[in-house]
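Here the structure comes first, spelled out in structure tokens, and everything after it is commentary.
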Amino acid sequence: MHRIIATQHNTTFSLSLCVCVCVSGSEAPGVCEERDLSSETTGSPIIYNPHTALSVEKQRQRLPVFKHRNNILYLVESFQTVVIVGETGSGKSTQIPQYLLEAGWAADGKVIGVTQPRRVAATSVAGRVAEERGAYLGHEVGYSIRFDDCSDPHATRIKFLTDGMLVREMMSDPLLKKYSVIMLDEAHERTLYTDIAIGLLKKVMLYLLSIISQMSTCVRFFFPLFSLSLQIQKKRRDLRLIVASATLDAKKFHDFFNLNESGDPNKDTCAILTVEGRTFPVDIFYTVSPVPDYVKATVETVMKIHETEEDGDVLAFLTGQEEVEKVVSMLQEQARTLSRYGMKKHLCVLPMYAGLPYNEQMRVFERMPPTVRKVVVATNIAETSITINGMVFVIDCAFVKLRAYNPLTAIESLIVTPISKASACQRAGRAGRNRAGKCFRLYTEEDFEKLPESTVPEMQRSNLAPVILQLKALGIDNVLRFSFLSPPPAQSMVQALELLYALGGLDQYGRLTDPMGVRMAEFPLSPMFAKMLLESGNFGCSKEIVTIAAMMQIQNIFVAPHNQKKSAARERRKFAVAEGDHLTMLNVYEAFIKHQKSSQWCQDHFLHYKGLLRAVAVREQLRHLLNKFKVPRTSSEGDPDVILRCIVSGFFANAARMHHSGSYRVVFNEVVQTSKYYMRDVTAVESSWLVELAPHFYKQAKHGSLSSKRAKVF
DNA sequence: GAGCACTGC
């Protein structure tokens, strides 16, 4: 079955294969999987309606996962770990926790914990399950995400939480004593925290069992950790783990968690079960020859679809804001031309990326009249984070902007990278949610075959300093021997250990320092921010620093609607100060508070209202931690230098020279690579401060210039 | 003076 579709210009596709991907409805039927853009926090109780009870029960039984119910329960009973390959639309996320509850896994006050990589997923799936059970959200069924704990320590039996939250919980309850079963959902996404949780759970469940028998009482005396492992052995052999993953990774998870070394499959401690989804076919088309410019090819392909294909909305994937805006404006131009020539069917072209102002984001979810074809041009946000219904055609450029980490320079950056096959299939699947669809890949089938099977896990392309600090705080002394599902580069580990040592979080033996390291680990921030906060009392500016730290956690403080870019830039300059971005942010926050957190004021000054509200919440959490550690509330009373020096005390490792000839130096928060390297959140500092505040990290060279232990990048 | 994938604590 080969069909050639020639586009107007030179992007030519051939139909190459027909795969079944994706589904009717989401895994949580009835739940809007869309990111809840309307509120930061949810938690209003769902009222039980007895009239819908029967139909809910019938709906549950119609889900593909239902016929595997007994098998799943049997496997969970018989194996410590069960890997469930649940295709999209199988109903695994909402149903398996309920099966476990009904089978008695939450007896004796135990809790069934289900993790999700994203906050919205945790809250929306919890909402759906509560509704199915006719329960108030927060009672029998609850959720726990940062800033929003909607669970009852006594009543909640099924708890949905973000994977990051589970790792946090392990800091106070390393054995996860309150849980009988943990289900790691969407484990194939391999987020940083899912991977940390996976390693920790293996340690809790399996790893220690083998060492215990080899240790003598004498060793026990000298290694207090050993008593912990005894506890684990006694108490947590009952803990069950379910790993919900895509097909590709199932074997890897199985091998990781299977502790059976006897070679006798009857002694396996891990099992795999596959649950089919509900799928619509998606035809995949490849270009006949490589595309020289995927931005142009995207525009051509949209127009070709519009002219020759039947009804159905279009979703195009690009890598960043700039590309999205460019394609949107090119398409809008073409759409105007079409309407001038009286084409009956209209095009409505909409951009979608995380930095877009809220109102503009919401437009992609609006329904269009039948005479209008919606075209959404999006970044990777549309691959997993949000779902737009009604998409029938997908255009995939084969690229994505990914975080990369260079352990030699200790620089994290964003780089345009070819996607993986798994990612390409996920994108294609977006065309088949409501009916059969088509996916146009702007690359040849040959090039598709060259793509890597799956995306490199975040763990292997991140700065590991926050990870190592948390592991140390969890009592993992030898992080180099921690059982990582995918071990990160050794150089990244070394780099992280060095940075943590320079920050004073670790001593020369790599042990967590007390109190500095212990306290740093408690902050939900990177170690540099934590250090800066903990030092702020000494510098006499904790009030300002806590605001700056909170503001820097918020992306896109300044919004620029595309028809008002000029005035937005003008407003933005009003807040800017010569010292740099950190003090600019401080200005914005203080002005926001002065204007009673008014949303109208934000709109007038092109500021991100919800972002600022989040900064207020983050600030409160950080303030709470500073109080806990008895960091005094002090203010610099308008003196910028103490604030800048305090910033340097945390960020000295991120120092750069503004110009090779000058003594003008800056500290920065992060680096972004587009056409050039850009540093984000930059502040000017005196080079002498670097030597003064981090003498172990910088040394003064002969001619007054600095040399750092790090390789230079810029 | 425009430049900034996406999450998460």
Side-chain angles (χ1 to χ4, degrees), chain A residues 35 115-122 144-149 161-172 186 189-197 317-325 352-356 378-386 397 399-404 412-417 419 423 426 455 457-459 461-462 466-467 469-470 473-474 520-527 529-530 549-550 553-560 562 565-566 568-570 572-573 576 581 614 617-618 621-622 624-625 668-682:
Chain A
R35 200 159 56 130
T115 72
Q116 295 286 339
R118 280 168 292 278
R119 296 159 55 94
V120 221
S144 176
I145 59 178
R146 186 182 180 188
F147 300 127
D148 191 6
D149 183 359
L161 64 172
T162 46
D163 44 22
M165 216 46 194
L166 183 77
V167 175
R168 281 277 145 187
E169 284 196 3
M170 292 184 85
M171 287 179 73
S172 55
E186 314 289 355
E189 287 193 27
R190 303 294 305 275
T191 68
L192 199 56
Y193 282 107
T194 306
D195 270 23
I196 297 173
F317 287 97
L318 289 162
T319 69
Q321 175 178 343
E322 193 183 358
E323 284 173 9
V324 167
E325 294 287 6
M352 181 72 204
Y353 47 85
L356 201 66
T379 62
N380 222 34
I381 193 172
E383 195 180 299
T384 46
S385 302
I386 61 151
C397 72
F399 289 96
V400 66
K401 221 176 264 187
L402 277 186
R403 175 182 290 148
E412 258 184 336
S413 53
L414 288 175
I415 293 175
V416 175
T417 320
I419 59 170
S423 202
Q426 176 72 20
T455 309
E458 219 183 338
M459 183 69 83
R461 47 187 173 86
S462 301
V467 178
L469 185 65
Q470 284 217 312
L474 283 157
M520 276 168 68
E522 273 208 52
F523 280 93
L525 303 172
S526 74
F529 278 109
Q553 309 311 310
I554 315 302
Q555 291 95 38
N556 317 113
I557 284 293
F558 300 100
V559 291
H562 52 268
K565 287 225 191 302
K566 281 260 157 60
R570 204 164 43 239
R572 179 179 177 156
R573 275 197 294 277
D581 298 332
R614 190 170 169 87
V618 172
Q621 188 190 21
L622 299 180
H624 180 80
L625 281 164
F668 59 88
N669 190 22
E670 59 178 340
V671 176
V672 176
Q673 183 202 350
T674 54
S675 48
K676 292 181 281 188
Y677 273 108
Y678 288 94
M679 286 182 284
R680 273 190 197 169
D681 304 326
V682 171

Considering only [options], which nucleotide approaches the side chain of [X] most closely?
X        : options             : result
A:Glu322 : B:dC9, B:dA5, B:dG3 : B:dG3
A:Ala354 : B:dG3, B:dT7, B:dC9 : B:dT7
A:Ser385 : B:dC4, B:dA5, B:dT7 : B:dT7
A:Leu414 : B:dC9, B:dC4, B:dA5 : B:dA5
A:Ile381 : B:dC6, B:dC4, B:dC9 : B:dC6
A:Pro524 : B:dT7, B:dC9, B:dC4 : B:dC9
A:Ile145 : B:dC9, B:dT7, B:dA5 : B:dC9
A:Lys401 : B:dA5, B:dG3, B:dC9 : B:dA5

- Has A:Thr162 got a side-chain N or O lying under 4.0 Å from the OP1 or OP2 atom of B:dT7? no
Check: Does A:Thr379 make a side-chain N or O approach to OP1 or OP2 of B:dC6 shorter than 4.0 Å?
Finding: yes
Expected label for B:dC6 (glycosidic angle, syn inside 90° of 0, else anti) would be anti
Taken in chain and number order and not counting sequence neighbours, the residues that satisfy side chain to side chain contact (heavy atoms under 4.5 Å, CB included) with A:Val467 are A:Leu192, A:Ile196, A:Met459, A:Leu464, A:Leu471
Contacts of A:Glu383 meeting side chain to side chain contact (heavy atoms under 4.5 Å, CB included) (sequence neighbours excluded), chain-then-number -> A:Phe317, A:Asn380, A:Ser423, A:Gln426, A:Arg427
Please state how far atom [atom1] in [X] lies from atom [atom2] in [N], giving the value in whole angstrom units.
X        : N     : atom1 : atom2 : result
A:Leu622 : B:dC9 : CG    : P     : 13 Å
A:Arg403 : B:dT7 : CZ    : P     : 12 Å
A:Ile196 : B:dC9 : CD1   : P     : 13 Å
A:Ile554 : B:dC9 : CD1   : C1'   : 13 Å
A:Glu169 : B:dG8 : CD    : C1'   : 15 Å
A:Leu318 : B:dC4 : CG    : C1'   : 16 Å
A:Glu189 : B:dG8 : CD    : P     : 11 Å
A:Arg119 : B:dC9 : CZ    : P     : 5 Å

Contacts of A:Asn380 and A:Gln470 projected onto DNA chain B by closest heavy atom; the upstream (5') one is A:Asn380
By nearest-nucleotide position on DNA chain B, the 5'-leaning member of A:Gln321 and A:Gln116 is A:Gln321
Please work out if [X] contacts a base, only the sugar-phosphate, or nothing of the nucleic acid, heavy-atom cut-off 4.0 Å.
X        : answer
A:Arg118 : sugar-phosphate
A:Thr191 : nothing
A:Leu192 : nothing

- Message: Measuring only between side-chain heavy atoms, which start at C-beta, is A:Lys401 closer than 4.5 Å to A:Glu323?
- Response: no
Side-chain donor/acceptor of [X] to backbone N/O of [Y], under 3.5 Å:
X        : Y        : value
A:Arg146 : A:Arg119 : no
A:Thr417 : A:Ile415 : yes
A:Arg168 : A:Glu522 : yes

